[in-house]
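Below is one structure, written out as structure tokens, with a few remarks after it.
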There are 2 protein chains.
Amino acid sequence: MRNKISLKDIAKAVGVSTALVSYVLNNREREARVSPETAKKIREAAKELNYQPNQLAKSLKSGKSLAIGLILADISNPFFGHLARTIEDESKKKGYTVIVGSSDENYKNSERLMNTFIERQIDGFIIAPAEGSEAQLKYLNELNIPFVLIDRYFKEIESSYVVIDNFRATHDATAKLLELGHQNVAFVCYNNQLQHTIDRYNGYSKAMEEAGKKVTSKLLCKVKFNNPGDFHLKFRNLMTKGNKIDAVLFSTNTLSTLGLKTLMDLGIKIPDEVAVFCFDESESYDLFYCPVSYVSQPLKEIGQRAVQILVEMIGAKSGFHRQVILNSELVIRESCEKR
Amino acid sequence: MRNKISLKDIAKAVGVSTALVSYVLNNREREARVSPETAKKIREAAKELNYQPNQLAKSLKSGKSLAIGLILADISNPFFGHLARTIEDESKKKGYTVIVGSSDENYKNSERLMNTFIERQIDGFIIAPAEGSEAQLKYLNELNIPFVLIDRYFKEIESSYVVIDNFRATHDATAKLLELGHQNVAFVCYNNQLQHTIDRYNGYSKAMEEAGKKVTSKLLCKVKFNNPGDFHLKFRNLMTKGNKIDAVLFSTNTLSTLGLKTLMDLGIKIPDEVAVFCFDESESYDLFYCPVSYVSQPLKEIGQRAVQILVEMIGAKSGFHRQVILNSELVIRESCEKR
DNA sequence: TTGAAAGCGCTAACAC
DNA sequence: GTGTTAGCGCTTTCAA
């Protein structure tokens, strides 16, 4: 069996009450006026017996678990992996432990995770919400469980969130491509109704409009999530049906990787035959034959801000929300040149 | 404030004792001979009040937290991200929640994480141990806390583990390169003393020996972990100092990516000037100009087996260990051809 | 300066 | 069939 030493064991060993032990081991001996000798004995016994406090009991008593629930689409996706890493690091600094779950972009999974985490009394959530999660988030609000959304948010849900200015990101990337002289700039995105998808589309579309270009279906490729077959079909179509595409803007990291791969397979030369602008950083880009241009999100800052806001919300007596919109950066490299 | 409904609230609402509520909501009404009407009323009240059990209180009472602590080197590394994903999925199936932490290959961090997790009463650990973790693992053994090592293990530590046959993996990869006619096969690894590093080196070295080749320092590149500068210095040296290297075997995924990148920067053509064999799958390989050969680890199986073994260990009254050595697979593609 | 005791939410042995 | 109660490990009020 597992050798569990409790406050009581220490109290017995030293010959004092558990109250004193509790005070001393929480460094509150002064406030409780514990005599130095007793304190010393208690500390020694604790060390001797190798005492480790039971956080569960503390939490039960205090009503605070010092745990944060993190719900991502997929922890194996490097974009979310990086986010998870910064969130974990920042949480550790703040004294919180992170419990993670992958929703797989499915709101049913996300709901199940949320309930599991609530049962574990997490103090708050950081969530990259799946499509259709609105009701669950409203529910969290009803329960007064603080949460911060990352990467995506919902216009109709009152909440804190940390996102980038997606409109501006794609707007500027598109404008850059047009400025470089590309004529038919295509846009590749998922066909969901998530706000960041919409914002990114609008950014693209606005930049086109400003340049006097019409966005026709010949320039658009909206594909199903998690469905490489659908992607290949539609993207190949886009690129090979005589649409005269001379530049492509991919609106997520997974689409970027899939897209580069497909262009390579099709033998379409970048940037000679088509210019390419990607979304998010990826170590894959480093191995691509042509240095890739991309929208760089400040992942570290997103994670840190999310944790900071959440911790503030947890500590606040009355509810508040904080919205943070960060700027992304365009990293311009060879792949978007006009040849 | 957070609207927390407890068993007591339901008991009061229905007008019964908490004991009955507990029995019913744990579906043990039959064994406790609760009358159907009472049971029904209790369930209705629970639903009505939107009751969510407090897992912390349950755990405190039962001594089981139904939580697993996962300690990885770095959750943002896709290799570990995938592992984390399969572990999370399998744990969920078994009714366990996963708490993750990144050690950054630093045993001090790993120790801190372990203690945090122990305080949270996790039922067991899955660990990709950092160099120097031996003492901590012995400590876990003393405490009778079950754990399963993944990716790496220590010969001198009695423990369960799930790893691949690293010796065989590099042995076979090296043999393949030699069989294809390469003469000077170099080996790139980290300069640590982790068993998997040693095994991988031995596999390489054995294959060389079997082919009547001598492993000289001119063929070896041992680099510091997490130190791209050191890598570049030594690897460039290896490739440019007239060592006549015509094939390189990289012994981890990070080294593989760094290596491919450097070879590209140096303008060394693969496989025309040098053949390359990598370790672990990576989406980056898909974007490389030449299809990359690699050792493919069965990530999903590693994660699943680790969870299965851990759960068995947690359930067992007496301690036992289970060692699983899985086979990896060689994926042979253009990059290792002899030109 | 220290101890006793209540109580966080839950389970389970036991009594009625 | 149902209720009472002790106790998991901890904190904190109150009394001594």
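From a predicted model like this one, the values you see are computed outputs, not experimental measurements. Chain A is the first sequence line, chain B the second, and so forth, proteins listed ahead of strands; every chain is numbered from 1. These numbers come from the heavy atoms of this one structure, side chains and all, not from hydrogens, waters or symmetry mates.
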Covered region of DNA chain D, 5' end to 3' end, by chain A [heavy atoms, under 4.0 Å]: D/dC8 to D/dT13
Under-4.0 Å salt bridge between B/Glu134 and B/Lys138: no
Partner set under salt bridge (charged side-chain N to carboxylate O under 4.0 Å, His left out) for A/Glu37, not counting sequence neighbours: none
Under the side chain to side chain donor-acceptor pair (under 3.5 Å) test, residues paired with B/Ser133 that sit two or more places apart: none
More than 12 heavy atoms from other groups under 6.0 Å of OH on B/Tyr107: no
Length of the CG-P vector between A/Leu56 and C/dG9, whole Å: 14 Å
End-to-end axis angle, where each axis spans five pairs of the helix from C/dT1-D/dA16 to C/dC16-D/dG1, to 10°: 50°
Integer-rounded Å distance: C/dT2 C1' and A/Ile42 CD1: 10 Å
Side-chain heavy atoms of B/Asp151 within contact of B/Phe80, under 4.5 Å: yes
Sugar-phosphate, base or nothing in reach of B/Thr38, heavy atoms under 4.0 Å: sugar-phosphate
Polar side-chain atom of B/Glu88 near backbone of A/Ser102 as donor-acceptor pair, under 3.5 Å: yes
Beyond-backbone contact of B/Thr116 with B/Ile99, side-chain heavy atoms, under 4.5 angstrom: no
Which donor-acceptor pairs under 3.5 Å do side chains of residues 309-316 of chain A form with protein atoms, sequence neighbours excluded?
unit_1   : atom_1 : unit_2   : atom_2 : d
A/Glu312 : OE1    : A/Arg322 : NH2    : 2.7

Min side-chain heavy-atom separation A/Ile150-A/Ile87 under 4.5 Å: yes
Under 4.0 Å protein heavy-atom contact, by nucleotide of nucleotides 10-16 of chain C - B base, S sugar-phosphate only: BBBB---
Non-hydrogen side-chain atoms of B/Lys94 and B/Gln308 separated by less than 4.5 Å: yes
